Amino acid sequence: MNIPAVQHHAGYPDVYLASRKKLVVTIHAAAGDIRTCELLIFSRTSPEKISSYLMQRVTRDGVRDHFTAEVITEDTLRYLKYYFRLTDTAGKIYFQNAWETSENEPEDGFYEFLYANETNVLKVPEWAKGVIYYQIFPERFANGDSSNDPSGCQEWGTSPNRENYMGGDLSGILKNLEYLNSLGVECLYLNPIFKGVLITNMLQRIIWRLILLSEQRKHFRNWLKPVINMG
């Protein structure tokens with residue numbers, strides 16, 4: 001068995017609440033490595049009462065298999081510990097906890113789930129189910145209006161780094177709506193478009209100041225109109 005390929009993160013998306021009484025757990029392994037996979041879970045106040053859930057392979061992406069199990073309880077989920085029992089195609093048994101994958105059943109180092117808060121329940125809006133998304137990093141997507149380029153803006157296509165700017169903007173997205181529509185895109189997911197310290201991630205610094213002035217918020221609303229009209 002390819003042990004390094006066995007992966008589980010004790011947080012979303014490998015662990016999430018479908019409701020306060022339903023926990024969904026996923027583990028990943030190399031494609032074709034695992035014959036059976038079990039989730040072993042117990043309350044931290046009753047470690048002797050271990051419940052076993054046979055995990056189902058839900059997808060295979062050509063590189064890895066993805067196994068999932070649902071833990072459903074009568075009461076609100078709280079203070080749980082868990083680990084995995086994996087049986088490979090040769091019948092050899094391995095155990096996976098938060099520390100390692102081993103042939104020995106663990107006595108410590110378990111994954112933990114604390115409490116099912118209502119605010120942590122994953123709630124997917126009906127409109128979002130089955131929708132085709134296209135994520136855009138606006139500063140790198142297209143420069144539609146060079147008049148608002150930031151100082152020191154570099155030539156489009158320059159090798160990107162964490163500091164340089166190329167002038168991508170909202171207008172650049174508008175000018176490419178037909179292209180996006182031809183791909184079958186149904187929802188645009190924009191990286192944050194507010195002022196930050198860095199150009200990437202949640203601290204992205206974009207030239208628009210949409211959240212600072214009502215006039216600019218109006219500009220953004222006007223930008224949305226043709227996007228919405230595209231359907």
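All values derive from a computational prediction rather than experimental measurement.
Within 6.0 Å of atom CD in Glu107, 12 or fewer heavy atoms from other residues, nucleotides or ligands are found, so the atom counts as exposed in its surroundings. Within 6.0 Å of OH on Tyr12 lie no more than 12 heavy atoms contributed by other residues, nucleotides or ligands. Within 6.0 Å of atom CD in Glu48, more than 12 heavy atoms from other residues, nucleotides or ligands are found, so the atom counts as buried in its surroundings.
No continuous path of hydrophobic side-chain contacts links Tyr82 to Val24 [ILVMFWY only; heavy atoms under 4.5 Å]. A single hydrophobic cluster is not seen to contain both Leu40 and Tyr111; linkage of ILVMFWY side chains at heavy-atom distances under 4.5 Å, directly or through other members, places them apart. Note on Leu174 and Val185: same hydrophobic cluster, where clusters join Ile, Leu, Val, Met, Phe, Trp and Tyr whose side-chain heavy atoms are under 4.5 Å apart, directly or indirectly. Following chains of ILVMFWY side-chain contacts shorter than 4.5 Å, one can reach Tyr53 starting from Phe113, so the two form part of one hydrophobic cluster. No continuous path of hydrophobic side-chain contacts links Trp127 to Tyr189 [ILVMFWY only; heavy atoms under 4.5 Å].
No donor-acceptor pair under 3.5 Å is formed between the side chain of Lys22 and the backbone N or O of Ile72. Side chain of Asp33 to main chain of Asn2: a donor-acceptor pair is present (N/O by atom type, distance under 3.5 Å, no hydrogens or angles). A donor-acceptor contact shorter than 3.5 Å links the side chain of Arg20 to the backbone of Ala116. Not a single donor-acceptor pair under 3.5 Å links the side chain of Asn176 to the backbone N or O of Tyr179. Using a distance-only test at 3.5 Å, with no hydrogens or angles considered, a donor-acceptor pair links the side chain of Glu139 to the main chain of Met166. Side-chain atoms of Asn117 do not come within 3.5 Å of backbone N or O of Thr119 as any donor-acceptor pair. In this structure, Asn181 contributes its side chain and Gly184 its backbone to no donor-acceptor pair below 3.5 Å. Remark: side-chain polar atoms of Asn143 are paired, donor with acceptor, to backbone N or O of Asp145 under 3.5 angstrom. Between the side chain of His8 and the backbone N or O of Thr26 there is at least one donor-acceptor pair closer than 3.5 Å. Looking only at distances, no side-chain donor or acceptor of Asp65 sits under 3.5 Å from a matching main-chain atom of Arg60.
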Using the side chain to side chain contact (heavy atoms under 4.5 Å, CB included) rule, take Ser102 and Phe95 through it: C-alpha gap first, then chi angles, then the decisive distance, then the call.
-> CA-CA 5 Å; Ser102 171; Phe95 296 90; 5.5 Å; no
Derivation and outcome, side chain to side chain contact (heavy atoms under 4.5 Å, CB included), residues Asp14 and Gln7 = CA-CA 9 Å; Asp14 288 352; Gln7 296 181 3; 5.9 Å; no
Quick one: do Ile27 and Ile34 satisfy side chain to side chain contact (heavy atoms under 4.5 Å, CB included)? Show the steps, please.
-> CA-CA 11 Å; Ile27 190 171; Ile34 304 299; over 6 Å; no
Side chain to side chain contact (heavy atoms under 4.5 Å, CB included) between Asp61 and His66, intermediate numbers included | CA-CA 8 Å; Asp61 58 20; His66 310 274; 3.1 Å; yes
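For Asp75 and Thr73, the side-chain atoms include no donor-acceptor pair closer than 3.5 Å.
Taking 4.5 Å as the limit, some side-chain heavy atom of Arg44 sits within range of a side-chain heavy atom of Leu114. Taking 4.5 Å as the limit, every side-chain heavy atom of Tyr115 sits out of range of all side-chain heavy atoms of Asn120. Between Phe141 and Leu180 the shortest side-chain heavy-atom distance falls below 4.5 Å. At a threshold of 4.5 Å between non-hydrogen side-chain atoms, the residues Glu70 and Gln56 do not count as touching.
In summary, the aromatic rings of Phe42 and Phe110 are positioned with their centroids under 6.0 Å apart.
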